Number of protein chains: 2
Amino acid sequence: MTSSPVGLHRVLAPAGSLPQAADRLNASPEIGPDEVRLRVERLNLDAASFRQLATKHAGDGAAVRREVLEIVAARGKMQNPVTGSGGMLVGVVDEVGPESTLGLRVGDRVASLVSLSLTPLQITDRLAGWDGRSEQVPATGHAILFGRSIAARLPDDLPTELAMAVLDVCGAPALTERVVRGYGAGATVAVIGGAGKSGSMSLAAARRAGARAVGVVPVEAEAALLREAGLADSVALADARDPVALARAVEQAIGGPADVTVVCVDVPGCEHGAILATAEGGTVIFFSMATSFSAAALGAEGLAADVTMLIGNGYLPGHAELAMDLLRTEPALRRLFERRLAAEAG
Amino acid sequence: MTSSPVGLHRVLAPAGSLPQAADRLNASPEIGPDEVRLRVERLNLDAASFRQLATKHAGDGAAVRREVLEIVAARGKMQNPVTGSGGMLVGVVDEVGPESTLGLRVGDRVASLVSLSLTPLQITDRLAGWDGRSEQVPATGHAILFGRSIAARLPDDLPTELAMAVLDVCGAPALTERVVRGYGAGATVAVIGGAGKSGSMSLAAARRAGARAVGVVPVEAEAALLREAGLADSVALADARDPVALARAVEQAIGGPADVTVVCVDVPGCEHGAILATAEGGTVIFFSMATSFSAAALGAEGLAADVTMLIGNGYLPGHAELAMDLLRTEPALRRLFERRLAAEAG
């Protein structure tokens, strides 16, 4: 098998497409020289995907499990055909190709940081250990990492759940840190949605990069949480969908518009407020998947705003290590994450 | 009237929204201290807006005209309520507030570079000179520019049609030039859709900034046009929706992936190809309004691509002057624009 670093050699149909866009992948356990095979322990289905399946089958867990098995068998990957989304997985390294550059060793326990929607996967246990009622899917089988896939070794000193939650958002602090460093020490940063997972990580990264940072949140309960954590130099209350209110809150908190504004709230309509809250020559980083490309482009033009607008890329070299390091060195950040996980567990 | 540089004082409803998002603006001819009033000569309706109106009224020009008049009377601006889009206008400066910083003088003939969707407008001639059958609308009335609006003086040495076509895309060459300069002399640039208006402008700007540039086009006729114009160091044929073909075409043309990839084709599905065609540490600038934010964000993550992805901002200081200067100093660029205008006129 001739290997392509982005997995083109695994695409069965349609010919020439990338693995994410493909209908079917070859999930054969035989690996190419730059590939890695994992023994799967657990899948984490993407929230949108699981919700679609659960709704379709009216909560019938057995039917959900059957459909997941059918999808993986038909497509060679766990990509929900309706939502297009996947999720991530945890597994143990089983075999490493001689030309792999991922730095993994047999026996390493890892999380794959590329989406399940492009990861070759075979399931061998009929998902017998899963009731079809949660996003967490205990599973046996194998998965393939390509030459350029990304996987992070799961640390021994952190619970798997906590490590997974951190890895899920690790692109945000990495890109925030890089952009803030470009503005030099004393840069001002506004993180919209500062009490959330990617938001609190971004705040911690911004301050480590030397910034003075405000965390903006929509309700007093979140403000209290963030104030107690001490991850921001100041905390402001504003509805991010109200451009004038958002810009005013940021200006009052840091004495003017921000050099860097980081959008971490998954609600539509935050583009204009983020632009208005940012100084001329500043940068807006959009991490929210609810961002509208055209609203951002036309909004900046309509406001005659000379701001750089970045599509938040979830990948940067070293992003997982940076995020883990932030969690270890900022006890308040860890407490905030643990609290969120406990709340989600219900 | 207390003036806001972004026009908040002109918003009648809903309170607190920005002019673009507003239902109704106050289009009173009385100007604030930083505002400018224009005597309107012509509106250019946005293509999507005109198409919606023409289709709705089955080509009945009188009905289209009636609806445009109703919209402007009801909203105080020409923003199509279905498409949300506006267009631009040409007019003559009538009055300049003492605190205006736009650099305009009474009598200047200008094009407004902010959208009609946020520009206060009153029509006084019932659009008597328009048959409702084209996007070009001769009109009499007035329009207001805010403190931070953008308008460009129409040059005496260029036909209005040509100048308008250049101004319509002037954000692309300005941002391309800025990004390319950041990579230093000898940077490699790929412009996807290099024979179009924003594409050919971006190619000219990239080469002026010292880059070696390839123009990528989908069909041989466009390739011939671009080769003849000599605006690119090389010309490549590829379907931008085919990631592997696009990346291969760019690599063959410039000997590797591009430092900067500029996306100027208005078709969906070009995100992954643009990312794959770009070098690690490179930048993709998306100017196409067909760009999907999530496809770009998830695509870069799935490809483990450390690329900076920019939302193409249509505004940069000096963008109109730069574009006009490119047109004047590159005869081939001007010929290409004139040819496109002639083809559009049919």
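These values consider heavy atoms only, across backbone and side chains, with no hydrogens, waters or symmetry-generated copies. The chains referred to below are lettered A, B, ... by the order of the sequence lines, with proteins before strands, and numbering in each begins at 1. Here the structure is a predicted model, which is why all the values come from computation and not from measurement.
The contact between A:A305 and chain B is made by backbone and side chain atoms together, counting heavy-atom distances below 4.5 Å. The parts of A:L303 that come within reach of chain B are both its backbone and its side chain, each placing non-hydrogen atoms under 4.5 angstrom from that chain. Looking at A:L8, only its side chain comes within 4.5 Å of chain B, counting heavy atoms on both sides. B:L310 touches chain A through backbone and side chain together, each having a heavy atom under 4.5 Å away. Residue A:F146 does not touch chain B at all, counting heavy-atom pairs closer than 4.5 Å. Looking at A:D242, only its side chain comes within 4.5 Å of chain B, counting heavy atoms on both sides. Contact of A:S288 with chain B is made through the backbone alone, with heavy-atom distances under 4.5 Å. Neither the backbone nor the side chain of A:V284 comes within contact range of chain B; no heavy atoms are under 4.5 Å apart. Residue contact with chain A, scored on non-hydrogen atoms closer than 4.5 Å, is absent for B:L175. Interface remark: A:T308 contributes side-chain atoms only to the contact with chain B (heavy atom separation under 4.5 Å).
Of all non-hydrogen atoms in B:Q20 and A:G299, the two that sit nearest each other are OE1-CA, 4.2 Å. The two residues B:V114 and A:G302 make their nearest non-hydrogen contact at CG1-O, 4.0 Å. B:L113 and A:E301 get closest at one heavy-atom pair: O-OE2, 3.5 Å. Of all non-hydrogen atoms in A:G312 and B:A297, the two that sit nearest each other are O-CB, 3.6 Å. Smallest separation of non-hydrogen atoms from B:I311 and A:A296: CD1-CB, 3.9 Å. When all heavy atoms of A:F293 and B:F286 are compared, the closest pair comes out as CZ-O, 3.2 Å.
Contact check for B:D306 versus A:R178: side-chain heavy atoms found under the 4.5 Å cut-off.
Heavy-atom pairs under 4.5 Å with chain A were tallied for B:G7, B:A290, B:P317; the largest tally goes to B:P317. Contact count against chain A (heavy-atom pairs under 4.5 Å) is highest for B:T291 among B:T291, B:I150, B:L316.
In this structure, the separation between CG on B:L298 and OG on A:S117 is 7.5 Å, given to the nearest 0.5 Å. The OG atom of A:S17 sits 11.0 Å away from the NE2 atom of B:H272 when rounded to the nearest 0.5 Å.
Listed for the B:N313 side chain is a donor-acceptor partner under 3.5 Å among the backbone atoms of A:V307.
Enclosure of atom CZ in B:R241 is not indicated, since only 12 or fewer non-hydrogen atoms of other residues, nucleotides or ligands lie within 6.0 angstrom. Sparse packing is recorded around CZ of A:R248, with 12 or fewer heavy atoms of other residues, nucleotides or ligands lying under 6.0 Å away.
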